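So that the names make sense, note that chain A is the first sequence line, chain B the second, and so on, each numbered from 1. What you are looking at is a predicted structure, and each value in this text was computed from that prediction instead of being measured.
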Amino acid sequence: MHRRDAPGRQAEDNACKLLRGLGYAIVARNWSSRGGELDIVARDGDILVFVEVKARSGSGFGGPEAAVSRAKQRRIAVAAKAFMARTDADLPARFDVIALEGDDVRIHRAAFSLDDVWPTD
Amino acid sequence: MFGRLTSGAILGVEAQRIDIECDVSGGLPCFQIVGLPDKEVSESRERIRSALRNAGYSFPAGRITANLAPADVRKHGVGFDLPIALAILIASGQIPAPKDLLLVVGELALDGAVRPVAGVLPLTLQAVAEGMAGAVVPIDNLAEAALVPNAAVFPVASLADAAALFRGERSMSPAPPPPRWGPTSVPPARDLSEVRGQCTAKRALEIAAAGGHNLLMVGPPGAGKTLLARCLPGLLPPLSFDEALEVTKIYSVAGLLARGESLVEHRPFRAPHHTISYAGMVGGGHGTPGPGEITLAHRGVLFLDEVSEFDRRVLETLRQPLEDRSILIARAEVSIRYPAAFTLVAAMNPCPCGHLGDELQPCTCTLHDIRRYRQHLSGPLLDRVDLFVEVPRLAVGELLDTAFAEPSAAARARVGRARQTQWATRPGILSNADLEGASLREHCRLDPEAAQLLRRAIARFALSGRGHARVLRVARTIADLAGDESIRAAHVAEALQYRAAGRVREE
């Protein structure tokens with residue numbers, strides 16, 4: 001289990017470095033609740049950022065972003081709700097996705113929002 | 001963090017003020033629009049998100065709620081894009097709130113450009129009626145917004161444009177002056193000089209145009225009924241400014257104004273195909289009912305070619321608007337009244353094969369066929385037709401005749417003068433077709449000879465009260481065309497001729 005996670009772990013470390021470089025403060029890593037897991041929780045000034053890190057070694061399968069499916073977003077959102085409730089935070093929040101593909105790094109700010117995950121109509 | 005702006009919704013051809021409130025608060029990112037939005041309003045979220053980012057603003061993190069009040073009116077259309085986007089910018093402190101009350105409307109493109117929307121004219125009128133300081137409208141809608149007297153209109157081409165206006169970086173330039181009124185062109189139409197023969201029908205067309213009388217033409221195929229009707233737009237009297245504004249409002253709401261077109265200059269001429277549906281004719285459709293052909297023909301002509309081919313149910317729906325000059329479309333959720341003051345011009349064959357009464361070609365229809373064909377036009381509908389005219393097959397001589405025929409321009413001049421007389425001497429009446437009861441008695445004074453003729457005709461043709469009124473109205477228009485103040489015997493005699501020819505039902 002741990003062995004298989006190793007490349008992902010590496011990617012998350014890289015992502016954290018990247019975020020710190022951008023001036024974010026890392027609040028938590030691999031925070032999990034019953035419904036899902038958050039790779040990185042960071043602070044961008046007054047904004048709480050839930051970061052999902054996705055890495056791919058080679059191209060194909062539509063890039064790492066494609067792996068953040070609606071179902072995955074939903075699990076992240078559930079976990080984020082739990083995090084907000086647990087930490088009593090009333091900050092504006094955002095979901096980011098960091099995609100690592102070889103040497104290529106892409107940050108997607110506000111990649112999705114609750115109205116995407118649970119459409120009201 | 002809170003932002004507030006004003007916009008408007010269209011109900012029928014009128015606008016209603018809609019207040020937009022926007023709240024940006026902490027919490028997980030979520031963008032909601034509440035206040036009974038339709039699908040296209042809900043979808044504006046995606047356009048707003050993209051437009052804000054691509055115009056260089058940040059889409060705020062956290063929870064965003066936009067409320068459209070009053071919440072009991074169903075909101076549809078795409079005009080809320082721009083005001084909601086601006087309200088978000090205000091709520092997140094990216095632009096200041098405007099000092100004055102402005103009505104804002106516009107659709108957003110994904111790159112932040114502002115696209116034109118329908119209904120800008122009634123919305124701007126509403127802004128003035130509510131005493132707002134001005135209206136922020138898409139630049140492509142400027143021409144119609146500028147029609148509104150005393151309105152300060154601020155055209156915007158993009159979200160950034162509107163934001164600059166709120167920041168005070170753009171001067172609040174005064175609206176351009178309303179265009180000078182006066183039709184600049186002759187409406188596209190066939191010319192009467194193209195029509196061979198058919199003097200009676202041409203005359204009937206002129207009378208219909210002058211007095212707004214409903215007209216039914218009956219004749220075999222190829223006699224020229226359709227061509228005659230196509231000449232009509234060139235005969236109709238020019239619109240008054242108020243009428244033009246009414247028509248423009250309808251076309252604005254229906255989204256049928258050409259880009260940059262300000263006022264509709266010419267009386268509408270609508271010629272729907274006979275396969276038209278009930279909703280297409282009177283208005284309706286999903287969600288908020290839209291205007292139908294009868295409303296698009298407001299202050300103009302609704303031409304029904306091959307009228308007996310129309311769905312009977314569709315034809316019967318015309319009865320009430322022909323009487324009331326408007327149509328009430330009632331739905332469970334909303335009732336909307338659309339104006340529908342149109343002149344009905346219809347054409348039909350005398351029988352299914354088209355040759356009944358033709359001396360050269362025998363009719364092959366059975367009596368039963370003919371009766372069924374005619375029954376398509378119900379008595380109550382025919383009752384509302386003032387002028388019946390036969391358009392017979394042309395004789396050989398007429399067909400080959402190359403003699404000069406009067407062009408439309410001459411008839412149009414007479415029609416225009418006759419309509420001016422009606423407006424000048426009959427206040428409250430738009431055309432003689434509206435004369436009824438007291439106004440009919442007041443304005444249709446007969447000279448003694450004419451009165452005597454009419455008395456004899458009533459006895460001879462067994463004219464009903466309604467038939468009598470019809471003859472009077474038509475005689476009035478004929479007298480107006482002749483420039484006579486009182487109706488003379490010759491006018492009555494001519495008017496009688498247009499009823500005698502049309503015993504479509506009774507024959």
Can you say whether [X] sits under 4.5 Å from chain B via the side chain, the backbone, both, or neither, judging by heavy atoms?
{"X": "A:Asp116", "answer": "side chain"}
{"X": "A:Phe50", "answer": "side chain"}
{"X": "A:Leu91", "answer": "backbone"}

Heavy-atom count check: over 12 atoms from other residues, nucleotides or ligands less than 6.0 Å from A:Arg74 CZ? yes
Do other residues, nucleotides or ligands put more than 12 heavy atoms under 6.0 Å from the OH atom of B:Tyr278? no
Working for side-chain hydrogen bond (donor to acceptor under 3.5 Å, both in side chains), residues A:Arg109 and B:Ser58: CA-CA 10 Å; A:Arg109 290 214 170 84; B:Ser58 81; over 6 Å; no
Taking 4.0 angstrom as the limit, do A:Asp115 and B:Arg63 come out as a salt bridge? no
Closest heavy-atom contact between A:Ala77 and B:Leu28? O-CD1, 4.0 Å
Write down the atom of A:Ser113, the atom of B:Pro29, and the distance for their closest heavy-atom approach. CB-O, 3.5 Å
Are the side chains of A:Leu114 and B:Phe31 in contact, using a 4.5 Å heavy-atom criterion? no
